[in-house]
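Basis for what follows: all heavy atoms, side chains included, without hydrogens, waters or symmetry-related copies. Every chain is numbered from 1 and lettered A, B, ... according to where its sequence line falls, protein lines coming before strand lines.
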2 protein chains.
Amino acid sequence: MLAPAELTRVFRARGLKVTPQRQLLFTLLHDNETHPTVEALFATASKMMPGISLRTVYQTLNDLAAMGELQMVQSAGGSTRFDPNVTEHHHAQCDRCGELHDVYVDDLDRLRVRNLDGFQTERARIVFSGLCAACLSKTTRTQKQSNKRSITKPSSNKGANK
Amino acid sequence: MLAPAELTRVFRARGLKVTPQRQLLFTLLHDNETHPTVEALFATASKMMPGISLRTVYQTLNDLAAMGELQMVQSAGGSTRFDPNVTEHHHAQCDRCGELHDVYVDDLDRLRVRNLDGFQTERARIVFSGLCAACLSKTTRTQKQSNKRSITKPSSNKGANK
DNA sequence: GGCTAATTTGCAAGCGGTGCAGATTAGGTG
DNA sequence: CACCTAATCTGCACCGCTTGCAAATTAGCC
Ligand SMILES: [Mn+2]
Ligand SMILES: [Mn+2]
Ligand SMILES: [Zn+2]
Ligand SMILES: [Zn+2]
């Protein structure tokens, strides 16, 4: 997602108004890696701007998503999450705490996929699930670590974290 | 999912009753590759057993899912789909007609995943999206085929379809 | 055939999300 | 700066999917 100042420009250029509600959401979303739900954003926004409407949060997020500034992510069973990271990436979701973490896969096109006969693939989304580092350490602190094998071998990770 | 006769045995062994409603759903689900929604199953079931309750369909499907006989698949925006294929597989969803097709990936563990630091992956689910063969042919029949490249190269597919 | 716990059913209610219409306001105009 | 108007915000009703609940029914055991 673009920075608030740039979004402001883009909105005005399109004849869209830059309201205080929108400005607030721009800043709440910028560089936000928590994959927040509408409710989560509404809660935070309400503290800073009492009276803001839940409807407005829905509206603004949908608009941003339609503009390609946000990605919508449906995680099982819950409400839609919004992701200002619109670069190609995937997610790892913790079975215990439910948090989503960004992961990056470079060699997706090397996958051998069977049974795709005739299907023209445009995108692929991967969701890994398991236990996040935080929940894992809470578990192994008390109980002996079972030797489950990861189904993915992590790459060396050189320069992975910018 | 087990065959109806075997499910009957399993249910009785657990002290669960094998009602006509359950038996009907067992057969409707067996070898069903359509990834039906509750509504779809309810519609079909209603024709064969007028008066069956939507609530019962929900109940039974949830029970079967909890027993590991069905996989629940959430596809964006709609209702949950149920999948009697509980072998490890993935899905290709058509952007136009919404249908889900099973696909198989053998070399998932060869993926290089960055940023997984500490996450213990148990499962990975991939959803490919694009256009299915049927929708694609309807499109190319009228408009010149754009030379979009698939992001996955299909494997040779020898013996892929059992 | 009778008993009883499991199941089914119908309906109300919960939850996430959207349609709508009246009140409000950003931002352009003179 | 005051004014105008289209864009926006708000509150509320409502929708689609799913679950909770309790009364009525029934499978499976004796
Ligand atoms: Mn993300
Ligand atoms: Mn499937
Ligand atoms: Zn966690
Ligand atoms: Zn299609």
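In terms of phosphate contacts, B:Asn62 brings no side-chain nitrogen or oxygen within less than 4.0 Å of OP1 or OP2 of D:dT18. Under 4.0 angstrom from either OP1 or OP2 of C:dT25 there lies no side-chain N or O belonging to A:Gln21. Listed pair B:Tyr58 / D:dT19 fails the phosphate criterion, with no side-chain N or O lying under 4.0 Å from OP1 or OP2. At the phosphate of C:dT8, OP1 or OP2 sits under 4.0 Å from a side-chain N or O atom of B:Arg22. Between B:Thr19 and D:dT26 there is no side-chain polar atom (N or O) within less than 4.0 angstrom of OP1 or OP2. For B:Thr80, a side-chain nitrogen or oxygen approaches OP1 or OP2 of D:dT18 to under 4.0 Å.
If you take CG of A:Asp63 and P of C:dG19, they are 12 Å apart, rounded to a whole angstrom. As rounded to whole Å, 14 Å separates atom C1' of D:dC17 from atom CZ of B:Arg81. Whole-Å rounding puts the A:Gln23 CD to C:dT25 P distance at 15 Å. Rounded to a whole Å, the CG atom of A:Leu54 is 13 Å from the P atom of D:dC9. Between the CG atom of A:Leu61 and the C1' atom of D:dT8 there is a distance of 15 Å, rounded to whole Å. One interatomic measurement links the two molecules: CD of A:Gln59 to C1' of C:dT25, which rounds to 15 Å at whole-angstrom precision. Between the P atom of D:dT5 and the CG atom of A:Leu16 lies a distance of 20 Å, rounded to the nearest Å. If you measure from atom CZ of A:Phe82 to atom P of C:dG16, you get 13 Å, rounded to the nearest angstrom.
When atom types are taken as modelled, the side chain of A:Gln74 and the backbone of B:Ser75 share no donor-acceptor pair closer than 3.5 angstrom. With B:Gln93 contributing its side chain and B:Gly98 its backbone, the two residues share a donor-acceptor pair below 3.5 Å. A donor-acceptor pair under 3.5 Å is absent between the side-chain atoms of A:Asn115 and the main chain of B:Tyr104, judged by distance alone.
Residue order along DNA chain D, read from the 5' end via each residue's closest nucleotide, puts B:Arg55 first among B:Arg55 and B:Lys17. Of the residues near DNA chain D, B:Val18 and B:Met72, the one whose nearest nucleotide (by heavy atom distance) lies more toward the 5' end is B:Met72.
Side-chain atoms of A:Met67 and A:Phe11, non-hydrogen and from C-beta on, do get closer than 4.5 Å to each other.
Taking the charged nitrogens against the carboxylate oxygens, A:Asp95 and B:Arg123 do have a contact shorter than 4.0 Å, which makes a salt bridge.
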